[in-house]
There are 2 protein chains.
Amino acid sequence: MSTRRTTRQQQAVSSILERHGDFRSAQEWHALLRESGEAVGLATVYRTLQTLADEGTIDVLRSPAGEAVYRACSSGGHHHHLVCRRCGRAEEIEAAEVERWTSATATAYGFTDVTHTLEVFGRCADCS
Amino acid sequence: MSTRRTTRQQQAVSSILERHGDFRSAQEWHALLRESGEAVGLATVYRTLQTLADEGTIDVLRSPAGEAVYRACSSGGHHHHLVCRRCGRAEEIEAAEVERWTSATATAYGFTDVTHTLEVFGRCADCS
DNA sequence: CGGCGACATGAGAATGAGTCTCATTTGCTG
DNA sequence: CAGCAAATGAGACTCATTCTCATGTCGCCG
C-alpha cells in the first residue's frame, strides 16, 4: 500500500526546510535548493511540499500577498503562528481559548463541520 | 485632491455587492453583473473592488482555494466572519476575546505592529 | 454650448503561481 | 541483476490578477 520511496529530492526538500525555521514560498525553497547545490525540479518541490503538508509534517499558510508559504513545524498538533512580516521567522502558538471560542460561536450560529484559520503577523523584536 | 468620480460602473459594482450578502470572487461578481444586464469590464470590477476594499467599505478574504473573495459588510469596524463553505453566506462576528488574546500574546513575544487574520469556515444550517 | 484636461474604462496582452503531461530515470523487491 | 511502478523534471498549460494603452466620459470654465 504505502509504496513510499525515499528519493534524494524529497530528502533535500525536507532537510532544507529543517535547516531554516521560517516561512517561505515554494519558489523560494526551490531557489535555496538550487543555491545549495541540491537541485530539484520546481514541480517536485511543489509535489513534495504538498505531500508533506497533507501528512501534517509541515505547515502551510497564505502570506498577506496571497501566496502559499511553508515551514517545518516542531509540534505535530494543531497550532497557530506568530509570524514576523519582515524576516519570516515564526513562533508556534497554542490558542486553546480561541479554539474554544470559535467552536462555541460556530455552534451558536448552527454551523457544523467547522474549521478556522488564525494567523498573527507583526514585527519581531529583532526587526523593530 | 479627492477627484472621485461617480461612474455607472462603480455604482453597479457597489450595488450588486449590496444586493447579495455573500462572499464571491471578482470573477463571479463580474459574471453576475453581466447577467443582470449591467455589463462592466473585468478589469474595472477588479479595480473597483480593490478601491472599495482599501476604503474599508467592503471586506476581502481568501477562500480556502486561495482566491480573493469580496463582500459588502454592514459593520464598518473590525470584525471577522463565519463563512459557509458551500453557499458563501457569511455572518459577521465580533471576537473581543480573541482580539485581547492575540494582542496579549504578541506582546509577550516582543512583537509589535501586530495584525491578525481569523476566519471560520463551516457549513451553515441550511447546507447541512 | 463647445472645448479641454484628467480620470475612468475595457479589450487584450502580460505576468506569475501552481498544475499537468509524458518521456525518462530510479528505488525497490524478487 | 531484471522488471516494474513510483518519482522526476522540462516545459506546456491554466487561471486569477495586473498592466497597457487607446478611447470614452465627467465636470468645469469661459
Side-chain angles (χ1 to χ4, degrees), chain A residues 1-17 22-55 57-71 85 88 117 119, chain B residues 1-17 22-55 57-71 83 85 88 119:
Chain A
M1 179 128 279
S2 75
T3 338
R4 192 61 175 299
R5 276 183 199 172
T6 331
T7 64
R8 174 186 70 75
Q9 290 88 337
Q10 294 179 3
Q11 286 173 10
V13 172
S14 297
S15 137
I16 202 157
L17 273 268
D22 29 24
F23 276 103
R24 298 180 190 256
S25 69
Q27 312 256 357
E28 286 171 326
W29 290 121
H30 175 246
L32 272 181
L33 283 165
R34 171 165 300 180
E35 281 170 28
S36 80
E38 298 254 52
V40 176
L42 181 57
T44 303
V45 174
Y46 274 105
R47 269 188 296 242
T48 306
L49 290 172
Q50 201 156 311
T51 305
L52 294 174
D54 289 350
E55 270 176 8
T57 309
I58 65 175
D59 276 9
V60 202
L61 62 88
R62 302 223 157 238
S63 74
E67 43 173 25
V69 288
Y70 306 82
R71 93 156 205 168
R85 75 165 70 81
T117 64
E119 304 302 336
Chain B
M1 180 126 281
S2 77
T3 337
R4 192 59 178 299
R5 276 182 198 170
T6 332
T7 65
R8 174 184 72 74
Q9 289 88 338
Q10 294 180 2
Q11 287 173 12
V13 173
S14 297
S15 135
I16 203 157
L17 273 268
D22 29 24
F23 276 102
R24 296 180 190 257
S25 69
Q27 312 255 0
E28 287 171 324
W29 290 121
H30 176 246
L32 273 181
L33 283 165
R34 171 166 297 179
E35 280 169 28
S36 79
E38 298 253 53
V40 175
L42 180 57
T44 302
V45 173
Y46 273 104
R47 269 187 297 243
T48 305
L49 290 173
Q50 201 155 312
T51 305
L52 293 174
D54 289 349
E55 272 177 8
T57 310
I58 65 176
D59 276 7
V60 201
L61 61 89
R62 301 226 155 233
S63 74
E67 45 174 22
V69 289
Y70 306 83
R71 93 156 207 170
V83 185
R85 74 165 69 81
E119 304 301 337

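First the proteins, then the strands, lettered A, B, ... as listed; each starts at 1.
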Quiz item: Please give, in whole Å, the distance from C:dT9 P to B:His30 NE2?
Solution: 13 Å

Exercise. Quick one: pull up CD in A:Glu67 and CD in A:Glu28 and give me the separation to the nearest 0.5 Å.
Key: 6.5 Å

Quiz item: Rounded to the Å, how far apart are A:Arg62 CZ and D:dT17 C1'?
Solution: 14 Å

Exercise. Would you mind reading off the distance between B:Glu67 atom CD and C:dG16 atom C1', rounded to a whole angstrom?
Key: 16 Å

Exercise. For A:Gln27 and C:dT19, give me the distance from atom CD to atom C1', rounded to whole Å.
Key: 12 Å

Quiz item: C:dT19 P sits how many Å from A:Asp54 CG, rounded?
Solution: 11 Å

Self-check item: Residue from A:Gln27, A:Glu38, A:Arg24 passing side chain to side chain contact (heavy atoms under 4.5 Å, CB included) with A:Leu32
Solution: A:Arg24

Quiz item: Side-chain N or O of A:Tyr46 less than 4.0 angstrom from OP1 or OP2 on C:dT19?
Solution: no

Quiz item: Does B:His30 use its side chain to pair, donor to acceptor, with the backbone of B:Val40 at less than 3.5 Å?
Solution: yes

Practice problem: Say whether, by atom type as modelled, one donor and one acceptor occur between the side chain of B:Trp29 and the main chain of B:Tyr70 under 3.5 angstrom. | Solution: yes

Quiz item: CG of B:Leu17 to CG of B:Leu52: how many Å apart, nearest 0.5 Å?
Solution: 7.0 Å

Tabulate atom names and distances for all N/O pairs under 3.5 angstrom spanning the protein and nucleotides 5-11 of chain D.
{"residue": "D:dA5", "atom": "N3", "partner": "A:Arg5", "partner atom": "NH2", "Å": "2.9"}
{"residue": "D:dA6", "atom": "O4'", "partner": "A:Arg5", "partner atom": "NH2", "Å": "3.3"}
{"residue": "D:dA6", "atom": "N3", "partner": "A:Arg5", "partner atom": "NH1", "Å": "2.9"}
{"residue": "D:dT8", "atom": "OP1", "partner": "A:Thr7", "partner atom": "OG1", "Å": "2.6"}
{"residue": "D:dT8", "atom": "O3'", "partner": "A:Gln9", "partner atom": "NE2", "Å": "2.9"}
{"residue": "D:dG9", "atom": "OP1", "partner": "A:Gln9", "partner atom": "NE2", "Å": "3.2"}
{"residue": "D:dG9", "atom": "OP2", "partner": "A:Gly41", "partner atom": "N", "Å": "2.9"}
{"residue": "D:dG9", "atom": "OP2", "partner": "A:Thr44", "partner atom": "OG1", "Å": "2.8"}
{"residue": "D:dG9", "atom": "N7", "partner": "A:Arg47", "partner atom": "NH2", "Å": "2.7"}

Quiz item: Where the side chain of A:Thr6 is concerned, which of C:dT19, C:dC28, D:dT18 is the nearest nucleotide?
Solution: C:dC28

Quiz prompt | B:Phe23: ring pair (Phe, Tyr, Trp, His ring centres under 6.0 Å) partners, not counting sequence neighbours | solution = B:His81

Practice problem: Round to the nearest Å and state the distance from A:Gln50 atom CD to C:dC20 atom P. | Solution: 9 Å

Quiz item: Rounded to whole angstrom units, what separation is found between the CD atom of A:Glu28 and the P atom of C:dG18?
Solution: 10 Å

